[in-house]
**Student:** 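Got a structure for you, questions after.
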Amino acid sequence: MGGTIDTTRLSIFPLPGATLFPGLQLPLHIFEPRYRALVSDALARDRRIAIIQPQAPAEGAPLFSVGCVGKIGEVEALEDGRYNIVLQGLSRFRVLRELDVTTPFRQVEAELIEDDPDAVLSAVERASFEREARIFADAQGYAVDWESVTRLDDMALINGVSQIVPFDIAAKQALLEAPDLATRCELLVQLLQFFGRRDSDDNQVTLQ
């Protein structure tokens with residue numbers, strides 16, 4: 001059963017290769033004038049900024065359909081107008097339409113996606129993920145504190161890894177769009193296997 005759907009107007013920050021998940025944090029350095037205006041506007045309103053990936057790096061490129069709303073937590077306003085901020089992920093959203101606006105930053109009408117906060121993995125799903133994560137980390141030469149990993153709850157673990165894994169844009173977006181925790185975990189396992197198998201000299205393997 002799905003939850004209720006809320007429609008809202010969101011100011012967006014299109015960031016290629018960057019995703020934000022509910023419950024997680026994303027530090028950002030804001031230097032472009034339009035996004036300095038976005039942060040200033042958000043601070044004067046509800047502190048919300050919507051992070052979403054554009055489908056191409058070009059100016060005004062079409063957006064993917066799903067992103068995540070973040071609330072500005074920590075903020076450092078620098079003397080030259082730049083900002084250092086930390087966004088706290090609140091909720092995923094689905095774009096309904098882009099709005100015609102006069103602001104320097106883009107805005108959309110969106111519906112918020114209500115995820116199940118009590119979702120958990122089965123023991124088999126959790127074990128399968130941890131096994132593939134270890135194989136991937138070893139193959140890529142990452143140092144991981146596995147003792148700390150085992151203490152994370154399922155949601156923090158799967159969403160946290162989904163946000164930071166060095167996958168391509170399409171893969172990161174697929175993880176964000178996964179409808180529930182179990183589906184995201186299954187996809188993440190498949191992606192760890194896929195990207196972990198590539199030749200170390202071949203950096204061009206993508207899902208696109």
**Student:** Is R106 close to L38 at the side-chain level, that is, under 4.5 Å between some pair of heavy atoms?
**Tutor:** no
**Student:** Give the table of side-chain donor-acceptor pairs shorter than 3.5 Å for residues 56-74, with sequence neighbours excluded, one pair per line with atom names and distance.
**Tutor:**
from, atom 1, to, atom 2, distance (Å)
E59, OE1, R34, NH1, 3.3
E59, OE1, R34, NH2, 3.2
E59, OE2, R34, NH1, 2.7

**Student:** Can you give each donor-acceptor pair under 3.5 Å made by side-chain atoms of residues 12-21, sequence neighbours left out, with the distance rounded to 0.1 Å?
**Tutor:**
none

**Student:** Classify the side-chain pair T103/Q107 by whether it contains a donor and acceptor separated by less than 3.5 Å.
**Tutor:** yes
**Student:** Scan E111, E114, E109, E177 and name whichever one has a salt bridge (Lys or Arg N to Asp or Glu O under 4.0 Å) with R94.
**Tutor:** E111
**Student:** Run the side chain to side chain donor-acceptor pair (under 3.5 Å) test against E130 and tell me which residues pass, sequence neighbours left out.
**Tutor:** R126
**Student:** According to a hydrophobic-cluster definition based on side-chain heavy atoms being under 4.5 Å apart (Ile, Leu, Val, Met, Phe, Trp, Tyr only), do L188 and L152 belong together?
**Tutor:** yes
**Student:** Please report the closest heavy-atom contact between F93 and I51, naming both atoms and the distance.
**Tutor:** CE2-O, 3.9 Å
**Student:** Pair F167, F195 - check ring-ring contact (aromatic ring centres under 6.0 Å, His included), show working.
**Tutor:** CA-CA 8 Å; F167 297 163; F195 285 100; 4.5 Å; yes
**Student:** For a quick check under 3.5 Å, do R48 and S11 share a side-chain donor-acceptor pair by atom type?
**Tutor:** no
**Student:** D116: what forms a side-chain contact (heavy atoms from CB on, under 4.5 Å) with it, not counting sequence neighbours?
**Tutor:** D118, A119
**Student:** Please give me the minimum heavy-atom distance between P166 and Y142, naming the atom from each residue.
**Tutor:** CG-OH, 3.3 Å
**Student:** Got a sec, which residues hit side-chain contact (heavy atoms from CB on, under 4.5 Å) with A139, two or more places apart in sequence or on another chain?
**Tutor:** none
**Student:** What heavy-atom pair brings Q163 and Q25 nearest, and what distance separates the two atoms?
**Tutor:** NE2-O, 2.9 Å
**Student:** Donor-acceptor pairs under 3.5 angstrom involving side-chain atoms of residues 178-187: please list them, not counting sequence neighbours.
**Tutor:**
from, atom 1, to, atom 2, distance (Å)
D180, OD1, A182, N, 3.4
D180, OD1, T183, N, 2.8
D180, OD1, T183, OG1, 2.6
D180, OD2, T183, OG1, 3.4
R184, NE, L175, O, 2.7
R184, NH1, N159, OD1, 2.8
R184, NH2, L176, O, 3.4
R184, NH2, A178, O, 3.1

